[in-house]
Amino acid sequence: MFSKRVLNFEESPIRKLVPYAEAAKKRGIKIYHLNIGQPDLKTPEVFFESIRKRTPDVVYYSHSAGIPELREAFASYYQRRQNAHVKPENVLITNGGSEAILFSFTVVADPGDEILVLEPFYANYKAFAKIAGVKLVPVVRQMEDDFSIPDNLDRFVNDRTRAIVLSNPCNPTGVVYGERDLRYLLDFVERNDLFMIVDEVYSEIVFRGNFVSAMTFESDRVIVVDSVSKKFSACGARVGCLITKNEQVLNHAMKLAQGRLAPPLLEQIGSVALLNLDEDFFRTVRETYRERVEIVIKKLEEYGLKRFTRPSGAFYVTVELPVNDSEEFARWMLTDFDLDGETTMVAPLKGFYITPERGKREIRIACVLDKEVLSRAMDVLMEGLRTWLKKFSSVQQYLS
Ligand SMILES: *Cc1c(COP(=O)(O)O)cnc(C)c1O
């Protein structure tokens with residue numbers, strides 16, 4: 001009665017915990033949400049001003065590729081802030097970065113084809129791959145070697161391989177791939193006649209080293225995904241883009257874009273103003289997340305945890321807990337634990353992997369609360385862990 005496609009869809013491991021969170025709230029427990037990847041910072045006022053000033057009489061369908069002003073704004077943003085020669089014609093405005101990823105998969109791969117993905121990865125890639133009928137092939141990376149890209153990628157390639165996809169900066173690991181890594185990947189895709197799809201939605205949120213956009217390469221093998229969601233705290237705007245210097249990719253993606261008519265009009269008008277924001281704005285955003293990440297790391301160290309990432313970008317910290325099943329622990333935090341009526345919700349990392357058994361002990365902490373609140377949320381989480389270990393485990397010595 002229902003398609004295999006939907007029946008095969010995986011329930012998001014974060015979503016799975018929601019009923020438990022709701023039940024806890026009903027019992028009067030306050031929950032700190034470190035599980036969601038949605039920024040809490042205020043959407044810049046210019047977004048709303050831009051819409052107010054330019055409210056049209058009719059909310060019309062924009063051009064399927066987006067309003068010209070926004071394509072120009074993205075192009076000039078790439079020139080100005082990413083040092084990349086991008087023309088408005090290289091930019092296709094999409095319904096968030098999500099649609100740009102779906103379009104990319106659909107343009108480069110047929111059902112049954114394979115796309116390599118650096119693992120762990122943004123869990124929703126699984127959903128886009130399922131919709132496009134594409135098989136994601138995980139390239140496993142290890143926390144021990146800083147999630148670096150394995151040297152011998154060629155062994156993952158067969159005659160159905162079409163592309164490799166990664167996020168840079170990476171959700172959930174916080175790794176930022178530099179120029180050398182990107183050149184290595186570019187060489188790999190060119191040698192094997194593939195595409196590289198680089199999801200740069202966190203590109204302004206980089207604390208260490210220089211961020212290099214894949215658009216700085218003059219290559220028709222590169223597709224970049226961008227979005228206003230994370231860097232401008234405007235997730236609900238649903239405005240993103242697909243950028244490439246490959247005219248054919250754009251022409252084919254345009255067919256998909258025409259099929260869904262247009263991205264949202266008012267939010268495109270607002271986004272033009274966002275893209276024109278200057279370094280002052282980005283500095284504040286970057287510093288805010290950097291301070292928060294430091295707080296989380298300090299708390300993890302204070303409690304004696306040893307295996308976690310020190311992100312160079314994005315706003316997540318991945319932690320390996322001394323538990324057998326981080327999903328069970330995350331659920332228990334909602335069903336059985338509270339510290340003075342409060343508990344903390346985190347994202348189990350299992351859903352960010354395809355390889356079975358991977359991520360079973362890991363969680364992702366999203367730094368999307370203000371400093372003091374975040375600090376308290378971490379104390380509650382660590383107290384929960386201490387209690388859990390006393391109850392269920394013999395590895396208390398892991399914690400001081
Ligand atoms: C949040 C996120 C997206 C989705 O972005 P939208 O523009 O809101 O669709 C894409 N990629 C990564 C890595 C993300 O974390």
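Side chains included, hydrogens not; waters and symmetry mates left out as well; all remaining heavy atoms used. Computed from a predicted model, the values in this text were never measured in an experiment. First listed ligand is number 1; within each ligand, the first listed atom is number 1.
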Check: Any sub-3.5 Å donor-acceptor pair from H63's side-chain atoms to A65's backbone N or O?
Finding: yes
Note to self: Using ring centroids (six-membered ring only for Trp), state whether F337 and W388 fall under 6.0 Å.
What the structure shows: no
Next item on the list: Pull out every atom of ligand 1 sitting under 4.0 Å from any heavy atom of S227, numbered as shown with elements.
Entry: 6 (P), 7 (O)
Item checked: Heteroatom proximity flag, S229 to ligand 1, N/O under 3.5 Å -> yes
Notebook entry, point to check: Taking the non-hydrogen atoms of R238, is any one of them nearer than 4.0 angstrom to ligand 1?
Noted result: yes
Next item on the list: Could you tell me if the ring centre of F9 sits under 6.0 Å from that of F2?
Entry: no
Margin query: Under 4.5 Å side-chain heavy-atom separation, chaining through any Ile, Leu, Val, Met, Phe, Trp or Tyr, what else clusters with L17? Say none if it is isolated.
Written below: Y20, I31, L334, M345
Item checked: Check: Y202 ring centroid to F315 ring centroid under 6.0 Å -> yes
Check: Mind checking whether K230 has an N or O less than 3.5 Å away from an N or O of ligand 1?
Finding: yes
Note to self: Closer than 4.0 Å to some heavy atom of G96 - which atoms of ligand 1 meet that?
What the structure shows: 7 (O), 9 (O)
Next item on the list: State whether the shortest distance between N or O atoms of Y122 and N or O atoms of ligand 1 falls below 3.5 angstrom.
Entry: no
Next item on the list: Flag Y202 as yes when one of its N or O atoms lies below 3.5 Å from any N or O atom of ligand 1, and as no otherwise.
Entry: yes
Next item on the list: Please identify which atoms of ligand 1 are closer than 4.0 Å to at least one heavy atom of D199.
Entry: 10 (C), 11 (N), 12 (C), 13 (C)
Next item on the list: List every atom of ligand 1 that sits less than 4.0 Å from any heavy atom of S98, numbering the atoms from 1 in the order shown and giving each element.
Entry: 4 (C), 6 (P), 9 (O)
Next item on the list: May I ask you to check if ligand 1 and G97 share an N or O to N or O distance below 3.5 Å?
Entry: yes
Item checked: Test item: R238 side-chain N/O and G96 main-chain N/O as donor-acceptor pair under 3.5 Å -> no
Next item on the list: Let me know which of K350, R331, E327 forms a side-chain contact (heavy atoms from CB on, under 4.5 Å) with K16.
Entry: E327
